[in-house]
Each structure stands twice: as C-alpha cells, then as structure tokens.
Amino acid sequence: MNIKYDPCVIENKWQKAWDDSGIFQPEIDLREKFFITVPYPYLNGNLHVGHTRTFTIGDVIARYKRMQGYNVLYPMGFHVTGTPIVGLAELIAKKDKQTMEVYHRFHSIPLNVLSGLDEPLKIVKYFSREAEADMRSIGYSIDWRRRFTTTDPPYKQFITWQFNLLRELGCVVKGSHPVRWCPNDDNPVEDHDILKGEDTTIIDYTLVKFKLEGCSIILPCATLRPETVFGVTNLWVNPEVIHVQIEVTYPDKTCEEWIVSRDAYEKLGFTDKRVSVIKEVSGVELIGKHVTNPINNTSVLILPASFVNPGNGSGIVMSVPAHAPYDYLALRDLYDSNLSQYGINEDLKSKIKFISLIKVPGFGKYPAVEAVEQLGVKNQQDLRAEEATKIVYRREFHNGELTDTTGKYAGTKVSKIKDILTYDLINSRIADIFYEFSSQPVICRCGTRCVVNIVKNQWFLNYSSPEWKEKVYRCLKMMDILPPELHVEFENKVDWLKDKACARRKGLGTNLPWDKQWLIESLGDSTIYMSYYIIAKFIADGITPEQLTEAFFNYVLLGKGSASTVSENTGITKETLESIRNDINYWYPVDMRSSGKDLIPNHLLFFLFHHTAIFQKDMWPRAIAINGFVSLEHKKMSKSKGPLLTMKKAVKEYGADITRFYILAASEHTQDADWRENDIETTKKQLVRFYRTAREIIALPTSTGDLNSIDRWLLSRLQHKVAETNDALQKLQTRRALQNSFYLILNDLKWYERRGGKKALPQLLHTWTRLLAPFTPHICEEIWSHLGEGFISQAPYPAPDSTLVDVDSEQAEEYLQKALEDVEEILRVTRITPQKIIIYTTPQWKKTIHKIAMELKLTETLEMKNVMSEAMKDYEVKKHGKEAPKYVQKIITELKNTTKETAKSKRAKPIIEKEILSDARGFLECELNCKIEIQSADKPNYDPQQKSRHAEPMRPAIYIMESVED
RNA sequence: GCGGAGAUAGCCAAGCGGUCAACGGCGAAGGCCUCAAGAGCCUUUCUCACAGGAGUUCAAGGGUUCAAAUCCCUUUCUCCGCACCA
C-alpha cells in the first residue's frame, strides 16, 4: 500500500476496475433482487451537493444490500422535460448577465463552453455528459447501460402509451383552471418570473348575484363566506367610485347585465365569460336603491361606504353586521349621519335588523357586535377592527355551526359549508366563482400587472377521484415510509391533492397523444419511469421507437397479450420480448425510492398515484425514504442564483470517499445538512487516519497465541457496533451508521492500543473495512485488496457474531476504566503528586450482600429486611454486622433507581477484581506514573486512612501516598 | 390560515420514562511526543469542591410519576410545503 493516502489515484483505479468487471450491471439470477431508485436529476445545471446527498444515500443502500447478498439494481436517467431548460437556453443566448455569472462561477462552466449552450438540446447533451461523469467520479454503483433521457424517442413512446392508458382508465379529464397571467406576455407567470407579489395566492371568491329591484340588472358581491348571504342586511357601494354597467355572456351564450367596478370588469375579461361595457354608473346613483337577496328574496338597501375598494372583488360588498365587525362598524358609523342626499330618510337603527346565522360557543347571537364591544373598537379606522374580524372569523370557522336561518343547511359546520353552498348556488345560477389575488399588485418581470386568467379546455389528471385516492391509501398502508413519522404526512397529502393540469404549451417533452398541441406536463411524465430502466437496457441493443407500440408496452409491462402476437406486429423477436417481460417480473416493483423531502407533495405522490392506476397490487412500490436538504455554511443553495457547490467541485477538492463520508455523517433523515469547509477538513483527516491505521495493521507480522482479555474486549465491542450499524442502515440512518461504524470503533481502538492490544487488529480491520465499504467504497477496496478475495463491493457485509461477545472482558475493562478515572479525579481535585497508589479490592462480605440484593431485585422483593435476613446467614457478613445495614441501605437505594434489565445485565458473572488489576498493573503504573499496589479490603496490609472501607463491587477503594518533596 | 417538523451545553448533534451532567463531532484550553511545525495521543471544557463529592440544567410555565430531556397540557419561537413550478 502506498504510504500516502491519495484519494484521486485510489478512486480512479477502483472506478475503472468496477467498470471493467461490470459488477454493477446486474442480470437476473437466483438471488433475491433489490431494486432501488432515486429521482433522476433535472439537467438545468451541474449536479450539486444536494443531489450528492440523495444519490449517495441511494448508493449506500444499494451497496449495503449488495453486500448482504441481494441482486441489486441501481439505475439512473436524466430529466429534461419542461420549461426551465428552454428558459436557460434563452437566457444564455441573450447572454443574460446573472445567468452567465452564476453558471460560470458556481457551475464551473468555462465561458467559451457556456456561451455555446444556447439551445435546449445542447444543454441537455452537455449536462447529461457532465452528470454521468460526476456520478462515476463519486463512485456510485449505477448500471449505466440503462441510462436514458426523457426526450429520447423511445421514452416518448413509453409516455405516449402511459397517457393513452391513463385516459382509457378515466384518469384524464378536461376542465379549466385559474392561473397567474401576464396580459403582455400572454402567458402564465411562474414564480421566478415575478417581480412583485411572489407570495400571492389565488383566492376563489363566491360571487353572489343581487338583483336591482324593478329591473334585471345584477349587482354581484364577492365574498369568501358565502353562507353569510343568509345574514345580509344591506349592500355597500363606494359613492366616490364610477362603476360600469356591462353585458356578461356565459359560455353557454346566456346573457346578463351586471354593475361592477371598472377593475372588476377588466378582470372578468380573463374568465370564461365575455364582457362588454354598456355605460358608466356612478356609485351615488346606486345608493338608496333596493336589491333582492337571491337566497331568500328579501329586499335590502344599498348604503354608502368609503371602505369599499373597487380594486378588490366586484367593487360591491354585501353587509352582514351580525358576523362581520367591519360591517357592523360601518353601519354604526352611519346611524347618526344624514343620508338624505341619497334619498335615504328612514332611521337605520330601527330599520336594519341584524340577522344571526352562525351559532358558536363563546359568543351570543351577534359575534361581531360582541367582539367589537369586548375590544372596545371605536370605528372602522381603528386597528383593533382587524383583530376583532380575525377572532370572529376564526372562531366561527372552526367551531361554528349554521342556525335555522339557513334553512336546509342548518346544523352544518361552517368549516364544511363553503364548497357545498357554492356548488348549490352556482347550480341555481345565483352565484359564480370569482378569482382574485390574495394581495395586490402582482407584477410580472416585464413590468405588467398580472391578472387571474382561466385557462380553458385544459387536460387534467383527476387525482381528486375518491376511488383513485382509495387505491393510494391502500398502497401506502402496505409501504414502509422512512422515517416512519412521515407516513401521516403522505396520507394528509393524498387527501389534499386535487386535480392537476397535465398539459402545457411550452417546453420540452412528449405531446399529448390525442391532442397534439399540448405537451405532457413534466411531472406527469416522471411517475412510472422506474419500469423503463428495465426496458432501456434492451432498447440500447437496437430496438427502434417505431417498434415500441402500445401492444409492446401492454405485454412487457402489464403482461397483456402474448409475445408471439407482439412479435409479429413489431418485428421484435419473441425471445427478446419474453426476456424483457421476465426482467420486469423479476425487478419490479421498486423496493425503495429514496428522495429529498421537497418531492413529497408532488413527484412522490404522483409516483404512487400512477403506479396504483396502471399496475396490479404486486407491482406497487414497497418503500419510500426521505432525506433533507444541504445548505452551504448556513446559506440556502440556489441553482440559478448561487451560492452553490457542485458535486464535481466537492469531489475534485476532497475526493469521492471524503465527500461521501461527510455528507452522510452530516445529518439524519429529514434534517438538513450544513456543508462546512471546516468540518469536511476534519473528515479528511479521519480518513487519512483510517488509511494509515489500515496500512500499519496490514504490515503487522501475523501474531500467534490465544487472545487476551483486552483482545476479546475489542472484538466484543466491535459486535455491538456491527449490530448498531446494520440496524441504522435498515432504517436509513446514515449518520448513526457512521457514528457506530467509524467514530465509536475508532475510540475503542484508541483504548485498545493504549492498553497495549495488538493481536485482534487484523480481525478488526477485516470487519471494519467491510463495515465501511458502502460509505467509502474506494478506500475500502484498496485496503481489502490486501486483506481478502475479490471486490469488497461483493464481500459479505458484517453481521454481529454472538460468539465473539464477551461480557466478562467488557465488564473487566469497565471496572478498570472506572478505577483509573477515580484515581485521576482524586489527583485532579487534590493536586497531589503521587508516590504510590494502593488499590483495595472489594471485601467478600460486600460482594455477598451485592449478590443477594441483585437476586432480590429480580424477584421484586428488594426490601431491607429481606436482604438483611438473607445476608446475615453468611459468616463473613455477620462478622461485619455493624457496617452491613448501612451498605445494604445504600445498595437498595441504588437499585431502586434502576430497571430490572439493567440489574440483569450487571449481574453477569462476578468479575475477579484482583486479577484484572494485577494484569493491568503495568498499564496503570505507566498511565499514572507511579507505583501501584493491589490489596484486598478483606485484610489490607497497609491502610493508614482506612480507605479500604470505600471498596465496593465494581468500584475499588483508593489510597494515594503523596510524594514527600511536594 | 392549514398541514408537517423542530427548540438539548460555545457550535453541530444524539437521547425520547430509570445505566443522564446527558453518545459522537467541531471549536477552545492544558499536557505528552518532536530540533521545530504538522499529525498523533491524553486530560479538561454548566457551577462549586485539596479524596473519588455536591449543586443547578435539556425553549418557558404547569401537571402525571417513587423516578422526566424523555409522557400530558399551555405559551413562545424557528424551519418546510400549500401546486400547475421542476
């Protein structure tokens, strides 16, 4: 072995050896299979340390399972479908400053190469080559024969088949949905295209149609609480605002006349209705008129209110003073004002009767009134009005129930009513949906103010279907989710998932087979592609896209039809077809999908939905594992803005094994890992050290003779670490696995060497190297090449060997460590320079009592009198009859505070203290730099300070003689 | 707002009813080794203590228990997702 640890040399060597031997290119055999996948990367940049974490976890499990004897398949592909790559090409083509800067600096792309990446296909080609090189350079055990890109023509055939099938199965429906829209670009606005208002969401208001009395003109009111229509006492119109009377044409050609604000008119232009202005109407004109509440045909008055914002909703607001503090306040403010200018002369106080429609604990009939009074809100401008509103809305929503005022809806929970009522109102044509941003304005990068647009005739995957969801729940029930606490999260997300638009206009991808003007949305085409890895291997052997017919996929993936018929139709030989089908049967389903936590509410969900829709139960995924993100020195990474650390750069700087080790040990499961320069430097030192230790052990001459206690101790301790590591890996706890397989073993090794151990080193290394192989495969191969046969990647993974567990030696060492610690502590506290130290072993009578107490603890009869009566039968104890009760009392208190299990484990064979101390005398003298004498507390030769009294089982007494000159 | 995760010593982070003053790592201090540096090794790192001890801790407050960092309740704070974007 080379003296110096040179990661680069070792890693290149073994990567080549793996590649040449094809050991990561599995074929069907008699072994049990294990199919593990991670989400393929999206290629709008180089792979970074975030990918590194997810992919390395996948690789560790793949390697672990392989060493456990499974036939493991770990494949990889590339995702390029969608808009970001197209967008990136455009940005590069026009030499966008930030893009060039980020991709040059953070993605480490030479400027001359970068400027050439001005077309999507060039980007795909460049990054897929880089990504494969990166993943090879970090030593992933990937079967590269199965690699593909989502725009490959054969893959498109696969997607085409999938979507045709989904449509046949009734999973695809047509509909429309609201999106953020830039009228200038005439396009939906994505998050990164937004200049202002990124956090804005689209809210769906219910638009209730009040009819102006005496004509058919409609005054629509937008509300988030449609149930309150039962409590409307009046409408609010802003007298300052000029409204418009418009003609509204529905898709079914029916026409209505509405009066709304000008803003609302413009927004309506982007809905599924056609609108045109008839004339302007001032707010003042409307005030004082009456409208009919469509829900109960009551007549309500229109009143003036300056708070009505024409930019929000329809510009006309319904007033529910019983349940809306603002409405109550506005009304109260009007009580004393003169409204005769609007032709209103009646006394509002007596005319307008509040209508209660929600019953909620903690409030009486009119929650709004009560809240306003409790908080002492003065008027509409008072800031506490907002607080009152929040309190009322929240309580009503969560605990409220509708009263008899609402007729057939009485008794319904407020939290459930919105969907039901809106549906009913729309059906009877007295309401409509009106979309609005949650906050204004939303500005596109081009500077234009965005609107909500309804994209019409869009294709949807109907994830909201209860039957489909039911299948997914069933699938989840059978699955392992790691960490298990996320199981609930998955179920919640399934519940929450609604229909999802699955077609888009822009980007790379596969056309919707039955409506070619649409492209299949990029998450929809990444749901069952794990099965395609199995087919991909055969496609590489020369099958053309034209041969990949629907019948082909139906046969190989679903087992429908027969090989001979498909062979006739496609020209693919029957044997090939059968062997593809066999491969599918063998490898599928996916045994584990390991992924970052960001993919839970989208990709992983769709992964489950599509599998349950397309495949039979036995092909449904078996497990999902989730991991967290990686940050850089506490800062969030960003592909497009930086900071970013690429996999390439990390491997180049530190080497594959160090990078792998570091990222795996940095954190567990869903917790985020923070990449720190300083920490990875120490990881480097650790591996250098491991290498050196291994080299030294290998160079050791073969030792003979029996193992000593300390050797047995080392090997015994090793078994616990092996067991822990295996357990951690089963649960995908890479951090815990490394803590045990590396740091804790290293610490044992330090103690072992300090104690002068040597004989067990080769055996330790033999196990240790294999234990670490999944994490740091290259360095382990290198060491293994001096230890064992073949590749360590194929060597058996260590399992705990119970025959090597040696409780006695572990207890002996614990005893010794404790004794040493005690001496050191005394020395520290007293600051004595010792001349000689006498250690007194436990007297026989205490051992006897200890033993009796332990036994009684196990039978739950640990009482003073029981111990005493039993102990006093012993002659030695009797001799110490005076001291005995005190010791018994002490031991009882101690044991009361421990569990039975602990007591049991401590009860193991009583150790021979004298022997342990005598064996370790040389060691102790050396450590403490003075003479050590061992005496028994039964009859000490020399005990000037009566220290021997302190001796107890597992804890000797100590007397330190001070050096005279100090 | 909804849903999820979390708050542990200077920092990262384990523990999730008794073996806990609390694994492990980093950082810091002292010592050994060395011509020296680095590496390595040992010790210390909540407070107090010249005999192996004692005291106060695990976001805050309350509770259950013989026993709580660990279980229950309340409060405060942090992070993540909430979609048509991969």
Side-chain angles (χ1 to χ4, degrees), chain A residues 39 41-42 44 79-85 177-180 188-193 201-202 390 393-394 397-398 415 438 455 458 460-461 483 485-486 488-490 492-493 495-504 507 521-524 526 597-603 605 628-629 639 665-674 676 678-679 681-683 685-686 688-689 692 733 735-736 738-740 742-744 746-747 750 753-754 818-819 821-832 894 896-903 905-906 927 945 947 950 955-960 962:
Chain A
Y42 185 75
N44 63 340
H79 191 210
V80 302
T81 322
T83 51
I85 286 177
H177 79 287
V179 294
R180 274 188 310 227
V189 185
E190 291 161 17
D191 265 346
H192 59 270
D193 285 332
T201 52
I202 296 173
K390 270 197 179 147
Y393 282 19
R394 193 178 309 153
F397 183 82
H398 292 290
S415 55
S438 61
V455 178
Q458 172 85 293
F460 283 85
L461 285 160
E485 56 267 27
L486 286 181
V488 171
E489 169 91 349
F490 269 93
N492 288 343
K493 287 290 187 288
D495 184 45
W496 151 93
L497 192 66
K498 297 192 194 130
D499 286 358
K500 169 145 174 53
C502 63
R504 287 191 53 93
E521 197 274 328
S522 67
L523 285 171
S526 306
K597 61 185 174 187
D598 51 327
L599 300 187
I600 297 174
N602 42 70
H603 163 70
L605 228 43
F629 307 133
K639 269 195 211 176
S667 80
E668 203 85 284
H669 279 329
T670 55
Q671 287 199 336
D672 293 348
D674 190 35
R676 297 178 187 195
N678 185 283
D679 287 2
E681 283 295 342
T682 42
T683 300
K685 285 182 197 161
Q686 307 286 16
V688 167
R689 193 211 169 124
R692 202 187 50 230
Q733 294 170 310
R735 184 189 145 85
R736 183 175 147 230
L738 274 170
Q739 288 281 336
N740 279 284
F742 191 81
Y743 292 105
L744 296 181
L746 191 67
N747 286 350
K750 283 183 196 167
E753 289 185 324
R754 199 170 154 195
K818 183 76 192 138
E821 263 168 41
D822 277 353
V823 172
E824 280 174 339
E825 179 151 12
I826 297 166
L827 290 175
R828 190 166 50 247
V829 174
T830 60
R831 300 198 193 120
I832 293 174
E894 246 169 54
K896 279 237 158 111
N897 276 330
T898 57
T899 56
K900 251 177 148 181
E901 282 66 39
T902 316
S905 71
K906 288 232 165 124
E927 287 285 322
Q945 291 185 14
K947 291 295 182 194
H950 296 296
R955 183 155 209 209
I958 295 156
Y959 171 62
I960 300 176
E962 195 163 358

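As the structure is a prediction and not an experimental result, all values here were calculated from the model. All chains are named by letter (A, B, ...) in the order of the sequence lines, taking the proteins before the strands, and each is independently numbered beginning at 1.
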Would you indicate what [X] reaches in the nucleic acid, counting non-hydrogen atoms under 4.0 angstrom: base, sugar-phosphate, or nothing?
| X | value |
| --- | --- |
| Leu599(A) | nothing |
| Lys750(A) | sugar-phosphate |
| Glu927(A) | nothing |
| His950(A) | base |
| Ser522(A) | sugar-phosphate |
| Asp495(A) | nothing |

Is it true that a side-chain atom of Asp672(A) and a backbone atom of Gly628(A) form a donor plus acceptor pair closer than 3.5 Å?
-> no
Just how far is it from atom OH of Tyr743(A) to atom CZ of Arg735(A), taken to the nearest 0.5 Å?
-> 9.0 Å
Rounded C1' spacing from U65(B) to A54(B) in Å | 25 Å
Quantified in whole Å, what is the P atom distance between nucleotide C20(B) and nucleotide A39(B)?
-> 33 Å
Assert: residue with more 5' nearest nucleotide on RNA chain B, out of Arg689(A) and His177(A), is Arg689(A)
Starting from the 5' end of RNA chain B, give me the residue, Lys639(A) or Leu486(A), whose nearest nucleotide shows up first.
-> Leu486(A)
Side chain proximity check, [X] to [Y], heavy atoms < 4.5 angstrom:
| X | Y | value |
| --- | --- | --- |
| Gln945(A) | Ile960(A) | no |
| Glu962(A) | Thr830(A) | no |
| Val823(A) | Glu927(A) | no |
| Pro39(A) | Leu599(A) | yes |

[N] phosphate, OP1 or OP2: any side-chain N/O from [X] under 4.0 angstrom?
| X | N | result |
| --- | --- | --- |
| Gln686(A) | G40(B) | no |
| Gln739(A) | A13(B) | no |
| Lys685(A) | A39(B) | yes |
| Thr683(A) | G25(B) | no |
| Asn747(A) | C23(B) | no |

Base C84(B) to side chain Lys500(A), donor-acceptor N/O within 3.5 Å cut-off | yes
Pair pattern of RNA chain B in dot-bracket, where unpaired bases get dots and | marks partners in another strand, Watson-Crick or G-U under 3.5 angstrom = ((((((((.[[[..)..(.....]]]((((((.......))))))(((....)))...[[[[[..)....]]]]])))))))....
Can Lys493(A) and Glu489(A) be counted as an ion pair, charged N to O under 4.0 angstrom?
-> yes
